[in-house]
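Some notes on the structure that comes next.
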Amino acid sequence: MNKILIATVVVFFACLAQASEELQLFHANYEAYYQGAHLGNGVRKLERLPNGKYRMSSESKLRFLLISDTRHEATEFTYHDGKLQPVSYYFTRKGTGRDHQMLVYFSARQAWVNYDNKKKVIQVKEVLFDPLSYQVQLRLDVMRDKSSFTYPAVIKGNLRQLDFEVVGEEFLKLPYGKVNTIKLKKVRKNSKRETYIWLAKELNYILVRLQQKENGNEEADLRLARVKFL
């Protein structure tokens with residue numbers, strides 16, 4: 001169960017970063033649950049830096065029985081004409097099990113990666129994302145009425161392709177309140193794990209719910225509690 005819970009936490013807090021078409025600044029709070037039991041809280045912030053770049057940051061503290069997970073991650077990027085260009089990414093995780101840390105610097109042609117002190121250089125042929133910035137671009141693309149999405153990203157120190165598709169629309173009741181949403185599914189091949197995310201139309205399409213399933217059974221559920229647009 002420990003491995004499943006920790007893996008779920010990774011999915012949850014890698015999938016919370018959001019920004020509006022105009023990259024409206026915001027502060028959002030979420031409540032996380034594991035098989036119906038309260039797991040912890042997450043906070044996401046989008047801010048504009050003095051140098052004109054944007055910074056998305058995430059902090060979370062989770063606990064379930066004897067299992068704990070505390071993490072912080074942040075990405076900095078530039079934004080122009082609806083497209084992001086990541087500049088740097090930092091991640092650290094501490095708690096039950098092995099601790100992890102990742103640092104990535106991006107340029108137009110390369111990404112310098114350090115994951116748990118294992119270093120590598122990834123050659124870049126197109127925009128390469130990190131676990132936070134690809135979520136920002138995903139949300140922007142959903143706002144443009146696209147139905148399928150593919151993003152190359154550095155995940156756990158390696159280059160991976162992440163695919164999503166729109167499932168449909170759904171009305172939800174959340175701790176935040178009632179919202180109309182667009183439901184998406186993460187596309188996986190030969191996997192028993194399912195991940196669904198919901199973006200709220202009336203809230204600038206921010207993420208309002210994330211659900212993780214294993215073998216058809218719900219393992220975890222993340223729901224929006226509060227959001228403030230700045």
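This one's a predicted model, so the numbers in the text were calculated from it and none came from an experiment.
- Counting Ile, Leu, Val, Met, Phe, Trp and Tyr side chains that sit under 4.5 Å apart, directly or through other members, Leu103 shares a hydrophobic cluster with Tyr90, Tyr105, Trp112, Val121.
- The closest side-chain donor-acceptor pair between Asn114 and Lys120, if any, does not fall under 3.5 angstrom.
- Tyr196 and Glu194 share a side-chain donor-acceptor pair at under 3.5 Å.
- A salt bridge is defined here as a Lys NZ or Arg NE, NH1 or NH2 lying under 4.0 Å from an Asp or Glu carboxylate O, and Glu47 with Arg55 meets this definition.
- Residues satisfying the side-chain contact (heavy atoms from CB on, under 4.5 Å) criterion with Leu66, sequence neighbours excluded, are absent altogether.
- In this structure, the separation between OG on Ser88 and CZ on Phe77 is 11.0 Å, given to the nearest 0.5 Å.
- A salt bridge links Glu169 with Lys201: at least one charged nitrogen is closer than 4.0 Å to a carboxylate oxygen.
- Heavy-atom minimum distance, Arg226 versus Tyr176: CA-CD1, 4.2 Å.
- The salt bridge (Lys or Arg N to Asp or Glu O under 4.0 Å) contacts involving residues 123-138 comprise nothing, where partners must be two or more places apart or lie in separate chains.
- Under the 3.5 Å distance criterion, with hydrogens and angles disregarded, no donor-acceptor pair is assigned to the side chains of Gln137 and Tyr151.
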Side chain to side chain donor-acceptor pair (under 3.5 Å) between Asp163 and Gln161: does it pass, once the steps are laid out? CA-CA 7 Å; Asp163 299 305; Gln161 178 176 301; 3.2 Å; yes
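- Side-chain polar atoms of Glu170 and Thr181 form no donor-acceptor pair below 3.5 angstrom.
- Proximity of the aromatic rings of Phe64 and His38 is defined here by a centroid distance below 6.0 angstrom, and this criterion is not met.
- Under the side-chain contact (heavy atoms from CB on, under 4.5 Å) criterion, Ser148 pairs with no residue, sequence neighbours left out.
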Would Val127 and Phe106 satisfy side chain to side chain contact (heavy atoms under 4.5 Å, CB included), going step by step from the backbone distance to the final call? CA-CA 9 Å; Val127 176; Phe106 298 90; over 6 Å; no
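- Considering only residues two or more places apart in sequence or on other chains, Val142 meets the side-chain contact (heavy atoms from CB on, under 4.5 Å) condition with Leu138, Phe149, Ile182, Leu184, Leu199, Tyr205.
- Under a 4.0 Å N-O distance rule, the pair Glu31/Arg223 does not qualify as a salt bridge.
- Qualifying side-chain contact (heavy atoms from CB on, under 4.5 Å) partners for Leu159, counting only residues two or more places apart in sequence or in other chains: Ile122, Leu128, Pro152.
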